[in-house]
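Everything below concerns the one structure shown next.
Predicted model, so just to flag it, every value in this text is computed and none were measured. The sequence lines fix the lettering, A, B, ..., with proteins before strands; numbering per chain opens at 1.
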Amino acid sequence: MATRALQTGRPPEHRDSGLAIVDADFHNATGGKFAEYLPERWQRFLRTTGQRNIDHYASTTQQRALACRLDANPPTGGPPGSDPAFAREQLLDLYDISYAVINNIEAAASGNAPVDFEIAHARAVNDYNFHEWLSADPRWLASINLPADHPEAAAEEIERCVGMSDRFVQAMVGSRAERPLGNPKYWPMYEAASRHGIPVAFHVSGGSRYNHWTGVGATEYYYEIHSVFPLAAQTMLASMVFEGLFEQFPGLQIVCTELGWDWVVPFAWRLDATWDVLREEVPHLSRRPSEYIRDNVWFSTQPTVETEAPADFYAVYQQFAEFGLAKHLLFATDYPHWDMDSPFDAMPQMLSMDDKAAIFGLNAASLWGLELPDAARTGAK
Amino acid sequence: MSQTNEVRAAATGDKQPAELAGAARGRGEDREALSKKYVVARAKDIPVGERLIVEVLGRSIGVFNVDGRFYAFLNRCPHGGAPLCRGDVVGTITAERPGELTFDATRKFLACPWHGWEFELTTGESWFDPARYRARAFHVDVEGGETVAEDVSRDMSRDIEEGRSEFVDPSTHRVKGPYQATMIPVDVEDDYVVLSLRRLTTAPASETGAR
């Protein structure tokens, strides 16, 4: 509808520019419907015992109920992200998005329920996505929810979902499991992903019995938590690099989702400097740590970097690009969360058309093997 | 949160809200169109605490009734492009020191439904980044039906004489259209919310800032 286009959709210069957009981080909500996909035993468990999630959402403020935009409640009722048609209208159609990857993080919690429930929960969410979203619009793609702390079951679930549809484009786990995620405990999961050529994504996630985001204790304010999401990613990447994950699975691609990207280059320098002096401890590494990050790790953009002076954004981006990660930056909205990035307002105009084409669509297309509209492919090299 | 009423063209169909002067419409508006006034609703149709989102000259605009006074903003947050007018109207909270909070219910802000950026209701000024961002506020007023009707009638006559009205049926010289079923019928007994697209304040701030 014209009203929306005028309001927040594509600005005039991008109506026919051929700029294809892929959203690396869309959130749906089952609104409890995942239960219909559980075995009877776990449906009964839900009814009689219930989940004991230490819930991320419970820690958001009233102004940010469910961590969502105030205008994202579907007219049909249910929580934001529970109505495929409304999400399509408010996101895919409004911005003319070619694909959006569904990251349902309801089952990404870890250690808060019986093992078999955690496994069944992840399966149920995947089945819900397959039956109620992937069939609703060809632009939806989905991440495979995994019970990360049960890596053999996670590997089986990768097999199962890849067998169901090639629109399960990656696996996904939360960013705080029992151990840092490079630990060999988790390697069966990475082995399955590698074998099928799909990336493994990490998303900021909710309740975990094991660890806080901070690594040093619980925070008082939601504001604090929201500011320190990248800390989990730093611990995790160091773990992956130094455990030798990328030596074991050289083709494995890791996607850091909603974990920031402005800190990556200085962090990689730090890893290199540490390796220079402590490499005897990790003789299994054949390359400098920064090289694994450059070749094996991808980052989503949201929440965008908001610098004090507008021009500083470009300095941050340039550092990232010159380091060699320009082709590993993936645009993401985080719809329907309150800190969502709208494509044309979050990414500064100062980026060149080629940079934008890469960040908005071409990088994602190469990572997930997506076909973009013709114009997009010729739009930038 | 108050109910958000969204309407196109204030009532039904694709027509613009009733214009107090003439027939400029569409996106190719000129200075004259911007200086005109537009009847967007009956005053009683936007009760205290409610808002109405209307479309005027291709712009989505939210009109708010806060404690009996009307305020109007462009429905677009200058920070991140959100539909600003679907946000909440909130008071001001300040603290002299940690733990000592003061809530001022009288100083009101429009808070964006996404990132929560707050804009002063009376000016559109941002408290987050006043140097770079300002929400676009419009002048809005309540006028009596008699005044509105007179203005409408005078302006329509002028437009008809000057051949500018799209609503004139050339064979009958009768005026059809916006003051009938598709638009807001003007009734002298009612009060009307009248919007002007000129800026509320003269102090300019970058609308788009650091996009």
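- B:Arg76 approaches A:Asp345 most closely through the heavy-atom pair NH2-OD1, 2.9 Å.
- A donor-acceptor contact shorter than 3.5 Å is absent between the side chain of A:His337 and the backbone of B:Trp114.
- Residues B:Gly80 and A:Ser342 come closest through the heavy atom pair O-CB, 3.4 Å.
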Working note: A:Met340 + B:His115, criterion side-chain contact (heavy atoms from CB on, under 4.5 Å); need CA distance, chi angles, decisive distance, verdict.
CA-CA 8 Å; A:Met340 157 165 175; B:His115 300 90; 5.5 Å; no

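- Atoms SG and CG, from B:Cys112 and A:Asp71 in turn, are 8.0 Å apart once rounded to the nearest 0.5 Å.
- With values rounded to the nearest 0.5 angstrom, B:Arg86 atom CZ is found 8.5 Å from A:Arg69 atom CZ.
- In plain terms, the two heavy atoms of A:Thr307 and B:Arg132 that are nearest each other are O-NH1, 3.9 Å.
- Residue-environment remark: OH (A:Tyr223) stays at or below the threshold of 12 foreign heavy atoms within 6.0 Å.
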